[in-house]
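Below you'll find the structure, written out as structure tokens, and then a few comments.
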Amino acid sequence: MIDKLNEEINKFLSSFENIEEEKINQIQKKFSTSITDDLNKGHVTTNVSMIAASNLKKSPKDIATALVEWLEKTKKFEKVESAGPGFINITLKRSDFVSTINKINQKSQKFGESDYGKGKSVQIEFVSANPTGPLHVGHGRGAAYGDAIGRILSSSGYKVQKEYYINDAGRQIDILTASVFARIFSDELNGFFPKNAYKGSYISEIALAFKNKNNLKLDIDKTSLIENLPIDEEKEIDELILRLKENYGAWTDIKAFALDEVLKTIRTDLESFDVTFDKWYSESSLGDISDKKSKIKKAIDYLIKNKLAYEDNGAVWLDTSKSGDDKNRVLIRDDGRATYFASDVAYHKDKIDRGFDKLINVWGADHHGYIKRIEASIEGLGFDKEKLDVQLVQFANLFKDGKKVKMSTRSGDFYSLADLINEIGTDAARFYYLSKQADQHLDFDLDLAQADNKENIFYYIQYAHARICSLLEKYNKSFSSMPEDATAISNNTYTNCDKLIHEMSKYPHIVLRAANALQPHLIIYYLKDFAQSFHSFYNDNKVLTESKENTDSIVYCLYAVKIIIANGLKLLGIKPIEKM
RNA sequence: GCGCCUGUAGCUCAGCUGGAUAGAGCAACUGCCUUCUAAGCAGUGGGUCAGGAGUUCGAAUCUCUUCAGGCGCGCCA
């Protein structure tokens with residue numbers, strides 16, 4: 001409908017004499033035609049006359065009057081009027097207005113999909129939590145967000161690949177391994193446990209599982225292993241790791257086992273959160289910097305060759321300040337080990353080499369200082385930094401009984417994603433994670449997520465869906481088939497559904513906006529308003545006691561309402577509820 | 001110090017690339033269940049969109065600035 005109107009507007013603009021094409025283009029770029037927020041303003045509105053006014057050096061009102069005349073002559077619209085400072089409000093012909101319901105019911109689950117992305121490939125990397133323990137509630141938000149934008153982009157015509165980057169190469173994994181080691185031989189080591197090791201109960205579980213599988217002896221001298229370790233907790237564990245790596249053959253076995261176990265937990269947690277990945281990319285597959293053929297070595301060699309990386313003070317640096325970073329960054333330490341940054345540079349090079357049109361990184365907001373650096377490296381590698389889009393996700397604070405839930409990883413006791421799912425369920429959790437723009441702090445109220453009143457928007461929306469399901473069931477029992485059109489609405493004898501239909505016509509635009517801005521919360525707010533319109537209608541109108549023709553029309557319309565709610569929720573990765 | 005984010009009703013927040021009288025929910029007050037799910041609906045009151053300046057037909061939205069709050073600034077990952 002908007003297209004039809006814009007077409008006429010363009011014809012109208014061209015009809016002006018002595019107008020330069022460039023001016024027309026400028027106007028076309030700036031004006032907007034949209035669905036009205038309120039039926040009092042008709043169905044569709046445009047601000048073109050106000051935009052054109054300055055370009056054409058005429059008053060907005062004059063242009064509006066001329067345009068109204070033009071549009072009336074086309075006879076394509078029911079009513080055209082100018083309003084306020086120069087808006088043009090258009091009332092559509094009844095048949096055009098009602099065709100929305102037909103479209104929704106015909107396209108069903110596919111309603112709202114588009115080819116906006118034109119098949120462009122997008123890679124979304126998200127969660128990517130260090131595999132050193134179960135996911136906590138902070139990771140949950142990134143998981144819900146990354147997955148939701150994946151769903152939204154797919155439905156908007158993008159080819160989406162979702163990827164998890166496993167940081168399985170660094171010091172953190174060594175600490176994990178040392179932690180498990182210390183638990184396995186807790187008795188032999190007289191309860192020794194490094195101060196900086198991971199203390200969570202999952203470590204003991206992994207240790208136990210390992211023990212049950214491998215009947216392992218501590219066949220090295222334990223005093224030389226744990227005596228005279230540095231007091232400093234950081235240095236203590238590093239020294240322990242060093243001794244183990246040098247003297248203990250089973251180190252790599254424990255490491256592989258621990259990593260595997262943790263990843264299994266992460267995968268399971270994500271699955272029960274309805275988040276799946278197309279690819280799990282292992283940092284260690286980038287190889288070692290000492291290996292000439294490794295991806296990491298090649299990436300850094302490339303940078304050195306192109307004089308973007310240089311040696312100084314025994315380390316290799318990347319000139320990131322050239323691209324706006326406040327200082328240059330180390331790629332290879334003076335002891336020859338690569339930094340995490342070096343891996344990341346190689347990883348991003350690999351991503352781009354894989355041919356994606358766009359890369360989206362979903363990062364915790366605490367990494368924002370890292371963006372410049374990675375962008376600089378992308379430019380350094382000879383790519384356009386616009387290819388990369390970093391979306392930051394702020395932390396979520398959990399509230400229970402009005403108090404903030406403490407989350408400490410140090411003590412090992414923390415509120416895990418699995419705990420959250422157990423407590424309020426996957427769908428409610430996803431919903432509230434997505435209920436606010438991702439890059440803003442979120443206060444997540446656990447009590448609210450379970451409340452059975454209107455304030456709990458999750459159930460408010462679901463309730464609308466369930467009510468319709470119940471109605472449809474009752475209708476189907478009486479008539480044993482569903483209506484196939486909305487005659488009473490089309491011929492204007494029943495108009496109480498008009499607001500609902502009008503709201504529904506906005507849905508595809510909302511999805512596009514969400515895709516464009518990568519903001520799933522727009523869908524949530526739309527659904528909330530839409531559910532409100534439904535509840536209001538439901539309260540004021542009896543459905544099944546109307547005349548047969550009216551009932552058929554309403555049911556046909558409500559069927560479309562149900563589709564919209566279900567489709568919207570699906571984009572958020574949430575299953576609609578049929579009975580409450 | 002530098003960078004990013006935030007400031008909208010008593011509270012929690014929406015408000016798209018500038019648009020028509022700034023919107024919800026909660027809280028307060030008041031109505032609506034002999035009928036399809038009351039986890040619902042309807043109504044009333046409540047605002048200097050942090051302050052100031054600018055851009056223009058038009059600013060909560062864009063620019064500058066002041067104030068207030070949060071976060072980030074490792075040869076950690």
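In what follows, chains carry the letters A, B, and so on, assigned in the order in which the sequence lines appear, proteins first and then strands, with residues in each chain numbered from 1.
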- [ ] Please measure how far the P atom in B/A27 lies from the corresponding atom in B/G40, and state the result in whole Å.
- [x] 11 Å

task: May I ask you to check whether A/His502 and A/Thr36 show a side-chain donor-acceptor distance below 3.5 Å?
output: yes

Tell me whether the side-chain N/O atoms of A/Ser536 come closer than 4.0 Å to OP1 or OP2 in B/A42. yes

Residues at least two apart in sequence or cross-chain that pass side chain to side chain donor-acceptor pair (under 3.5 Å) with A/Lys245, listed by chain then number, are A/Asp174

If the C1' atom of B/U21 is compared with that of B/G47, how far apart are they to the nearest Å? 13 Å

task = Using the C1' atom as the reference point in each nucleotide, state the distance between B/G69 and B/U8 in Å, no decimals.
result = 16 Å

With C1' as the reference atom in both, quote the distance from B/G18 to B/U55 in angstrom, rounded to an integer.
-> 11 Å

Residues pairing under side-chain hydrogen bond (donor to acceptor under 3.5 Å, both in side chains) where one sits in residues 460-470 of chain A, two or more places apart or in two chains, turn out to be A/Tyr463-A/Arg467, A/Arg467-A/His535

Across all chains, not counting sequence neighbours, the side chain to side chain donor-acceptor pair (under 3.5 Å) partners of A/Asp232 are none

So, with a heavy-atom separation below 4.0 Å from RNA chain B, the residues of residues 311-318 of chain A are A/Asn313, A/Ala315, A/Trp317

B/C64 -> Watson-Crick or G-U wobble partner, both distances under 3.5 Å, gives B/G52

The side chain to side chain donor-acceptor pair (under 3.5 Å) partners of A/Glu379 (sequence neighbours excluded) come to A/Ser323

Phosphate OP1/OP2 of B/C41 contacted by A/Tyr460 side-chain N/O (<4.0 Å): yes

Residues pairing under ring pair (Phe, Tyr, Trp, His ring centres under 6.0 Å) where one sits in residues 536-558 of chain A, two or more places apart or in two chains, turn out to be A/Phe534-A/Tyr538

Check your understanding: Think A/Arg373 has a side-chain N or O under 4.0 angstrom from the OP1 or OP2 of B/G3?
Key -> no

Can you list, pair by pair, the side-chain donor-acceptor contacts under 3.5 Å of residues 340-348 of chain A, counting residues two or more places apart and other chains?
{"from": "A/Ser343", "atom 1": "OG", "to": "A/Glu283", "atom 2": "OE2", "distance (Å)": "2.9"}
{"from": "A/Asp344", "atom 1": "OD2", "to": "A/Tyr370", "atom 2": "OH", "distance (Å)": "3.2"}
{"from": "A/Tyr347", "atom 1": "OH", "to": "A/Glu163", "atom 2": "OE2", "distance (Å)": "2.7"}
{"from": "A/His348", "atom 1": "ND1", "to": "A/Asp344", "atom 2": "O", "distance (Å)": "2.9"}
{"from": "A/His348", "atom 1": "NE2", "to": "A/Asn361", "atom 2": "ND2", "distance (Å)": "2.7"}

In 5'-to-3' order, the base (B), backbone-only (S) or no-contact (-) status of each nucleotide in nucleotides 32-37 of chain B, using a 4.0 angstrom heavy-atom cut-off, is ---BBB

Whole-angstrom distance between B/C73 and B/U12, as gauged at atom P | 28 Å

Sorted by chain and number, sequence neighbours left out, side chain to side chain donor-acceptor pair (under 3.5 Å) with A/Asp401 holds for none

Assess the pair A/Tyr145 and A/Tyr433: is the distance between their ring centroids shorter than 6.0 Å?
no

request  = For nucleotides B/A50 and B/G10, find the distance between their P atoms and express it as a whole number of Å.
outcome  = 13 Å

On RNA chain B, more 5' by nearest nucleotide between A/Leu392 and A/Asp38 is A/Leu392

Residues at least two apart in sequence or cross-chain that pass ring pair (Phe, Tyr, Trp, His ring centres under 6.0 Å) with A/Tyr164, listed by chain then number, are A/Phe277, A/Trp280

- prompt: Will you find, in the side chains of A/Tyr475 and A/Asp552, an N or O donor that is under 3.5 Å from an N or O acceptor?
  reply: yes

Ranking A/Asn453 and A/Ala365 by the position along RNA chain B of their nearest nucleotide, the one closer to 5' is A/Asn453

In B/S/- notation (B base, S sugar-phosphate only, - none; protein heavy atoms under 4.0 Å), nucleotides 11-20 of chain B written 5' to 3' is --SSSB--BB

The side-chain contact (heavy atoms from CB on, under 4.5 Å) partners of A/Asp62 (sequence neighbours excluded) come to A/Ser59

